[in-house]
Asks: 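Please read through the structure below; I'll follow up with questions.
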Amino acid sequence: MQLTLRAYIDGVSDWSLDPQTVIDFYVKKAKQENSKYNMIVRFHDDYIQQNLDTLKKGTLKGAPIVLKDNFLTKWYISSCWSKMLENYVAPYSATCFETLEKNGWLMIGKGNMDEFAMGSSTETSYFGVTYNPYGTGRVPGWSSGWSAVAVASDCCLGALWTDTSWSVRQPAALCGIVGMKPTYWMVSRSGVQSMASSLDQVGVFTKTVEDAEILLKAVAGFDEKDSQSDPRADEFLTSKPKKLDVKKLKIALPKEVFSEGLDPRIKELLLQKVEQLRALWCDVQEVSLPVLSYGIPLYYSLMPAELGTNLARFDGIKFGLQNKSLEHDDLASYYQKIRSEWFGDEAKRRILLSSFVLSSANYEWYYLRAQKIREQMIQDVDTIFETYDFILGPTTPSVAWKMWERSADPIQMYLEDFYTVSANICGGPAMTVPMGMIDDNWEKMPAWIHFMAQRWEEEKLFAFGKVVENL
Ligand code: GLN
């Protein structure tokens with residue numbers, strides 16, 4: 001069985017598929033494959049039993065989908081794959097989880113991620129790494145790697161994830177599936193553990209662009225519990241899929257994306273796609289967008305500042321695992337010891353960065369300057385969108401690498417977000433779609449194309465995604 005979400009919904013609707021059989025198949029397969037890839041940390045068989053009958057009446061018909069462990073789920077552990085939250089059960093569920101439930105989505109389990117969604121290639125997860133289904137011993141991409149693996153290895157029909165600089169799009173790309181991050185204000189973040197609040201957004205992993213559209217429509221919407229939520233999100237729910245006249249499209253290809261670090265084989269595939277688009281009379285033009293080069297320094301100034309603030313609540317008293325036998329002199333030493341003990345190395349590294357960029361000596365130079373450059377980037381990207389419909393590029397500079405190969409050089413890893421981070425900084429929607437396979441050390445690895453659109457232009461992005469998918 002290899003189903004798309006669309007095929008599942010249609011099959012259950014016309015009685016040609018039995019939901020229970022499909023779900024049993026996927027749960028069994030996910031459990032088997034888990035021993036190879038280590039993708040799902042907790043299966044929720046009891047949840048399936050209790051809820052399937054109700055969920056299959058919803059629009060998604062009880063479709064088996066998986067969930068990142070930083071979405072709060074009442075009654076079930078939400079650990080963010082940190083020792084700090086090993087046994088944490090939230091008193092309420094994230095709005096987007098509840099919305100999906102209302103639409104008939106069935107959670108089969110929760111899975112691996114980098115600790116608190118930061119890091120490199122699932123190597124920072126407290127519960128062990130996840131492997132890419134392509135190649136041997138390769139990373140699946142970072143933060144959300146495991147759910148990309150679950151979708152790519154056909155253990156579920158889709159997944160819900162968060163994307164702060166690329167965490168939906170890069171793992172999707174490394175595992176050869178579709179990853180989509182919507183406009184910042186489109187999906188409620190209430191009940192989603194924040195990494196960097198002004199950049200985080202909930203996104204979807206699916207096998208096709210059409211499935212991404214279905215899943216996003218089942219999770220988006222205005223939510224008064226999220227102060228950043230926008231009523232325009234409800235307009236998307238009732239909008240009809242857009243018909244694009246490809247001949248009228250204008251696409252910007254910033255020359256900055258052909259930076260030094262880009263694997264020449266990815267560049268070649270991307271240029272092939274550009275030629276295919278031009279053959280459809282699509283107007284693809286090279287443009288200059290120098291502000292893109294500031295994306296990484298900007299992200300690594302703003303993100304740690306927000307992340308450090310968000311992690312401050314985990315101290316073993318307000319939130320986080322306690323240790324009653326821990327010897328300590330006073331409250332400060334208890335905080336210090338508990339945070340040293342339960343946070344992993346990457347979390348500690350980023351807390352240090354946070355203290356650095358927010359310290360009185362550096363605040364203006366790093367944090368405030370980054371805010372100003374963010375404004376500049378938004379203006380420059382908006383100017384491009386006055387003339388062009390999409391901005392095109394690769395998703396990452398290289399194909400999936402071998403586990404631990406790059407972990408000694410975190411700075412090098414940080415540079416990997418270059419192509420995707422501007423969508424988070426500007427708040428617009430972006431998508432990654434597979435564009436072909438590359439031979440890398442005798443293994444065929446997926447390569448991908450990335451495109452972003454102006455804020456709230458999801459329908460247009462999906463329509464274009466379908467064009468690119470069929471090239
Ligand atoms: N590379 C990003 C980081 O480590 C991943 C963040 C994300 O999108 N969750 O900060």
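Because the structure is predicted, anything quoted here is derived from the model rather than measured. Remember, it's 1-based here, ligands and their atoms both numbered in the order they're listed.
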Asks: Which heavy atom of S398 sits nearest a heavy atom of D263, and at what distance?
Replies: CA-CB, 4.3 Å
Asks: List ligand 1 atoms under 4.0 Å from S165, heavy atoms only on the residue side.
Replies: 1 (N), 2 (C), 5 (C), 6 (C), 7 (C), 8 (O)
Asks: Closer than 4.0 Å to some heavy atom of Y299 - which atoms of ligand 1 meet that?
Replies: 2 (C), 3 (C), 6 (C), 10 (O)
Asks: Side chains of R455 and D382, heavy atoms from C-beta outward: is any pair under 4.5 Å?
Replies: yes
Asks: Using a strict 4.0 Å cut-off to heavy atoms of Y300, name the atoms of ligand 1 that fall inside it.
Replies: 1 (N), 3 (C), 10 (O)
Asks: Does only the side chain of R350 get under 4.0 Å from ligand 1, or the backbone, or both, or neither? Count heavy atoms.
Replies: side chain
Asks: Can you find an N/O atom of M195 closer than 3.5 Å to an N/O atom of ligand 1?
Replies: no
Asks: Any salt bridge (Lys or Arg N to Asp or Glu O under 4.0 Å) pairs touching residues 76-92, not counting sequence neighbours?
Replies: K83-E86
Asks: Between K181 (side chain only) and G428 (backbone N and O only), is there a donor and an acceptor less than 3.5 Å apart?
Replies: yes
Asks: Using 0.5 Å steps for rounding, measure from the OG atom of S194 to the CD atom of E306.
Replies: 9.0 Å
Asks: Quick one: sort the W185 and W456 rings into parallel, tilted or perpendicular, breaks at 30° and 60°.
Replies: parallel
Asks: What part of Q170 sits under 4.0 Å from ligand 1 if we count only heavy atoms: the side chain, the backbone, both or neither?
Replies: neither
Asks: May I ask you to list the atoms of ligand 1 that are less than 4.0 angstrom from any heavy atom of D417?
Replies: 1 (N), 2 (C)
